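In what follows, a single structure is set out as structure tokens and then discussed.
Since the model is a prediction, treat every value here as computed from it, not as a measurement.
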Amino acid sequence: MRKILIGIDGGGSKTSLVAADEVLNILESRTGGASNFLSIGIEIALSNLSELIKPILKKYPNSNKILVLGTAGGGRREDAQKLEDALTKLLDADNLSVNVVSDAEITLKGAFVNNPGAILIAGTGSILYYKENDEIERVGGDGKIIGDEGSGYTIGRNALSHLSKVFDGRERATNLSRKMISQFGIRTQKELINNVYKNNFDIAGAAITVIETASLGDEISVNILEDAADKLTDHIGALIKRKNLEELKISFAGSLLTNENIYKEMVERKIIEKYSTIEIVEPKHKPEVGALLIAKTLISKES
């Protein structure tokens, strides 16, 4: 029976799917809504995944289908098993194997295939993953309360702290504070507090404003990003020391580092300045293709 591989990158803002045959000829690619069950809840994640996957299952009914989904939280076997069982039941398809793994596993597999390497991630949160001999280690990623240094959340939080001080008169108004007032419609200290603590304000989203004003020379914005870049690159130093690495290939992931901007430039510059033996490389494949490669190994194990 023909085998169809389905690789999925289940992100917090979108989900990317790619289907291929057993020799990795790409059949089609699709994108859909978010499916990070930790951030949006399992019910919404399942609904978005089902909408994305079912057309593929209908298109290839007489085949063995091996699905690998990489998502945050998938590295915890108990949570992964719950998601596997729920998705299998919802899809209700014959000859379908559902496998949930961590987003780190598919990202590393896509970036480096079977070679050692690290991915530095900075989006809403931040973390560094390293793979060698199929073992994955992490540095950081302790969440917004005690970690996520150099992330969109911490950059946005520092920008909001600056705005609060401007309202108080503790700091002078800057292009950053003026931009935030006009962009978010927050004109008083009371409005700021209400938005942050009552209205679920997108704190990480404010990082884009910092990047924009930093690129125009705003001193406070530049200082916020410089500090964030220092703390983000400290993850690499910790990994090098822990593993006693003489050389390392590293790829970037996450919205702040995969789009060209002044923050990415700062991070690249600091890595080059601090760690002369590190090589920054482009990932070989996208995470969803990494999921396909993992699905391919599952075929090998079955045969």
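Within the structure, ring-ring contact (aromatic ring centres under 6.0 Å, His included) pairs that include any residue of residues 60-98 do not occur (at least two apart or interchain).
To the nearest 0.5 Å, atom CG of residue Leu163 and atom CG of residue Asn158 are 12.5 Å apart. Considering CG of Leu52 and CD1 of Ile8, their distance stands at 6.0 Å, rounded to 0.5 Å. We find the CD-CG distance between Glu132 and Leu245 to be 7.0 Å, quoted to the nearest 0.5 Å. To the nearest 0.5 Å, atom CD1 of residue Ile106 and atom NE2 of residue His285 are 13.5 Å apart. Atom-to-atom distance recorded for Ile155:CD1 and Thr124:OG1 is 11.0 Å, nearest 0.5 angstrom. Between the CG atom of Asn62 and the CE atom of Met1 there is a distance of 6.5 Å, given to the nearest 0.5 Å.
With no hydrogens or angles considered, a side-chain donor-acceptor pair links Gln183 and Thr209 at under 3.5 Å. Lys109 and Asn114 are linked by a side-chain donor-acceptor pair at a separation below 3.5 angstrom, with hydrogens and angles left out of the test. Judged purely by distance below 3.5 Å, without hydrogens or angles, the side chains of Asn261 and Glu265 never pair a donor atom with an acceptor atom. A side-chain donor from one of Asp218 and Ser221 sits under 3.5 Å from a side-chain acceptor of the other. With hydrogens and angles left out, the side-chain atoms of Thr233 and Lys274 include a donor and acceptor closer than 3.5 Å.
Using a cutoff of 4.0 Å between basic side-chain nitrogens and carboxylate oxygens, Asp227 and Lys231 are scored as salt-bridged. Salt-bridge annotation for Arg172 and Glu219: present, with a side-chain N of the basic residue lying under 4.0 Å from a carboxylate O of the acidic one. Glu226 and Arg269 are joined by a salt bridge, as a carboxylate oxygen and a charged side-chain nitrogen come within less than 4.0 angstrom of each other. Salt bridge Lys243/Glu137: present, at least one basic N to carboxylate O contact under 4.0 Å. Ion pairing between a basic and an acidic side chain is recognised when a charged N comes within 4.0 Å of a carboxylate O; Arg77 and Glu84 show such pairing.
Under a cut-off of 6.0 angstrom, the local environment of CD in Glu78 is sparse, with at most 12 non-hydrogen atoms contributed by other residues, nucleotides or ligands. Within a 6.0 Å sphere centred on NZ of Lys264, other residues, nucleotides and ligands contribute more than 12 heavy atoms. Within a 6.0 Å sphere centred on CD of Glu51, other residues, nucleotides and ligands contribute 12 heavy atoms or fewer. Atom CG of Asp134 has 12 or fewer neighbouring heavy atoms from other residues, nucleotides or ligands inside a 6.0 Å radius. Under a cut-off of 6.0 angstrom, the local environment of NZ in Lys286 is sparse, with at most 12 non-hydrogen atoms contributed by other residues, nucleotides or ligands.
Evaluated for a side-chain hydrogen bond (donor to acceptor under 3.5 Å, both in side chains) with Ser35, the options Thr15, Thr71, Asn48 yield exactly one hit, Thr15. A side chain to side chain contact (heavy atoms under 4.5 Å, CB included) with Met180 holds for exactly one of Leu160, Val166, Ile186, Leu192; it is Leu160.
Although no hydrogens or angles enter the test, the distance criterion places a donor-acceptor pair under 3.5 Å between the side chain of Ser126 and the main chain of Glu149.
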Checklist line | Criterion side chain to side chain contact (heavy atoms under 4.5 Å, CB included) on Ile53 and Leu91, from CA distance to verdict | finding: CA-CA 8 Å; Ile53 297 166; Leu91 294 173; 4.0 Å; yes
Item checked: Criterion salt bridge (charged side-chain N to carboxylate O under 4.0 Å, His left out) on Lys270 and Asp230, from CA distance to verdict -> CA-CA 7 Å; Lys270 289 179 185 295; Asp230 278 327; 3.1 Å; yes
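Scanning for side-chain contact (heavy atoms from CB on, under 4.5 Å) contacts around Ile42 gives Phe37, Leu46, Leu83, with sequence neighbours left out.
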